[in-house]
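Structure record follows, encoded as structure tokens.
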Amino acid sequence: MAPASKPRVRFAPSPTGYLHVGGARTALFNWLFARHEGGTMILRIEDTDVERNKPELVDGILAGLRWLGLPWDEGPYFQSQRLEMYRAAAESLLAKGAAFPCYCKAVQYAGADAIVEGEEGAEKAARIPSCPCRDLTPAERAEKDRQGLTRAIRFASPRSGVTRFEDAVFGPREVQNSEIEDFVLLRSSGLPTYQLSVVVDDIDMRITHIIRGADHLSNTPKQALLYEALDAPPPIFAHVPLILGPDRTRLSKRHGATSVSSYADEGFLPEAFRNFLALLGWSTGSDEEFLRTMDLIDRFSLSGVSRTNGIFDRDKLEWFNSQYLQKLPIDELLPYVKAELQRAGLWREEWDGAEREWFAHTVDILRPRTRLLPDFATWSRAFFSDDFDYDPEARKKFWKDPKLPDLLGKLADALDALSDWNHDACDHALRALAEAEGVKAGLLINATRVAIVGRAVAPPLFETMLVLGKLRVIARLRRALPFVSPE
RNA sequence: GGCGCCAUGGUGCAAUGGUUAGCACAUCGCCCUUUCAAGGCGGUAAUACGGGUUCGACUCCCGUUGGCGCUACCA
């Protein structure tokens with residue numbers, strides 16, 4: 001047994017788009033694995049494609065990882081700053097004869113689909129193209145160089161035999177080398193392709209486990225070949241299944257919100273998001289679902305990763321969020337609510353000081369009804385501000401009875417006369433009035449709720465009244481009277 | 001087209017070759033109830049299809065179908 005060194009993993013996004021849910025889950029799996037194993041997670045930005053690369057997106061990706069709560073241990077490294085290393089590797093491969101210069105124009109060699117579209121007979125022969133430049137003699141190469149032709153460097157794939165590698169999720173794999181084309185390592189621009197840079201970096205950074213999307217599975221044999229050609233031991237690969245949209249196609253912009261930041265904006269809790277993401281393509285093997293981050297770290301194992309592509313289920317995500325909104329220790333939740341109220345311009349500093357207990361209690365009675373953070377500032381607004389309006393639907397539903405203006409006025413008086421402001425006192429006062437007036441308590445309760453919080457949705461009335469306080473309740477009741485008259 | 005991967009309710013996951021195929025989301029109903037939630041209880045709903053192997057197959061093998069991926073001087 002080799003001395004067990006701690007695993008080193010990396011998350012390697014390319015800045016061609018924002019951090020989407022698929023990338024987020026890959027990052028999460030890497031992070032969970034590293035934390036579980038006591039290893040290291042490296043962040044590397046794969047920005048070798050100058051055409052598509054958008055440097056300004058890097059900040060967004062970093063912000064997404066921070067919001068998700070996935071701090072990396074090393075990096076970020078940028079491939080664009082390590083170009084010399086890739087060129088040197090390509091040169092050494094060239095020197096060894098494991099690679100060769102290619103003088104073809106890029107368009108001449110643009111993918112199998114283009115090549116196959118010929119006559120029927122030609123199809124089979126054209127399958128795995130092998131670049132003719134591979135067989136050029138030294139003299140011919142010298143001649144091409146003299147002509148000043150631009151050259152790319154291609155890997156000279158073995159023409160027979162098989163290539164094997166180990167995948168922690170998909171098991172041992174092997175492919176026929178005849179299926180592997182002479183892929184480009186260094187473009188004619190001198191910039192490396194993904195295949196080269198990823199292997200060179202993973203070797204240089206001593207990566208032990210490559211956890212990435214299954215879309216890379218088919219290309220892994222090429223990389224296994226490169227490890228061999230570079231005299232480096234291959235790492236353990238772990239390809240995780242893809243996340244698809246509800247229409248079973250790859251997640252993309254047309255599926256609506258796919259960027260992590262949009263979920264942050266919508267008011268999801270990062271930990272709920274993590275819990276949801278972790279269970280998409282991985283399970284503990286049991287039925288447990290509510291797993292806090294410590295639990296996830298504790299149980300995470302590559303052996304629990306599924307091989308089946310999964311569909312992003314927004315409903316389940318929301319369910320997880322509502323679970324966290326309800327089950328989190330109140331002190332953990334408060335900062336999020338505070339931030340939400342600040343965002344809505346409703347925050348008051350005393351809720352962090354003298355009235356902290358009031359704030360905690362109010363949030364506590366509100367939270368069973370919340371699903372997203374903004375709920376605290378929208379339908380719960382009246383709990384944090386005197387400036388609120390009456391929901392038209394609620395008015396329509398609970399302010400129908402023509403006796404209501406009169407009744408609510410009397411209720412305000414009765415409440416005003418109370419010497420003690422507590423749940424039972426309010427309860428008794430309201431019910432006594434209902435009985436004296438010959439109406440159901442429910443009529444008064446529902447109408448009062450709309451009057452004091454403006455909505456049909458709120459915690460139980462007397463708890464609401466306690467939290468609002470006597471003065472507010474009475475004032476709001478009287479303020480509502482002119483509006484209660486049914487048309 | 002070629003090569004490869006995958007296949008359990010609508011969705012996400014369970015089930016040493018032997019269970020009435022389990023859990024959760026969604027959905028429907030009931031309970032609770034002062035609105036809305038939450039919570040509790042229950043219902044509808046799945047092993048893609050066809051062949052094998054086996055006393056016995058969701059599980060192993062083959063084929064078909066379907067989905068996905070790769071097949072770029074993208075990553």
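Computation of the quantities below employed the complete heavy-atom set of this structure, encompassing side-chain atoms and omitting hydrogens, waters and symmetry-equivalent molecules. Throughout, protein chains are lettered first and strands after them, A, B, ... in sequence-line order, and every chain is numbered starting at 1.
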Could you tell me the Watson-Crick or G-U partner of B:G69, where both distances fall under 3.5 Å? Say none if there is no partner. B:C3
Quick check, are the ring centers of A:Tyr324 and A:Phe290 under 6.0 angstrom apart? yes
May I ask you to evaluate whether A:Arg307 reaches the phosphate of B:U8, defined as a side-chain N or O under 4.0 Å from OP1 or OP2? no
With a 4.0 Å cut-off on heavy atoms, is A:Phe276 in touch with a base, just the backbone sugar-phosphate, or nothing at all? nothing
Any A:Ser283 side-chain nitrogen or oxygen under 4.0 Å from OP1 or OP2 of B:A14: yes
If we call it a pair only when both distances are under 3.5 Å in a Watson-Crick or G-U wobble match, what pairs with B:A24? B:U11
Pairing partner (Watson-Crick or G-U wobble, both distances under 3.5 angstrom) of B:C30: B:G40
Can you tell me if A:Arg314 touches the phosphate of B:U11, counting only side-chain N or O atoms and a distance under 4.0 Å to OP1 or OP2? no
So does A:Arg449 reach the base of B:U34 with its side chain, donor to acceptor, closer than 3.5 Å? yes
Give me the distance, rounded to whole Å, that separates B:A14 from B:A48 when you measure between the P atoms they each carry. 15 Å
Less than 4.0 angstrom between a side-chain N/O of A:Thr48 and OP1 or OP2 of B:A75, yes or no? yes
OP1 or OP2 of B:A38 under 4.0 Å from side-chain N/O of A:Lys327: no
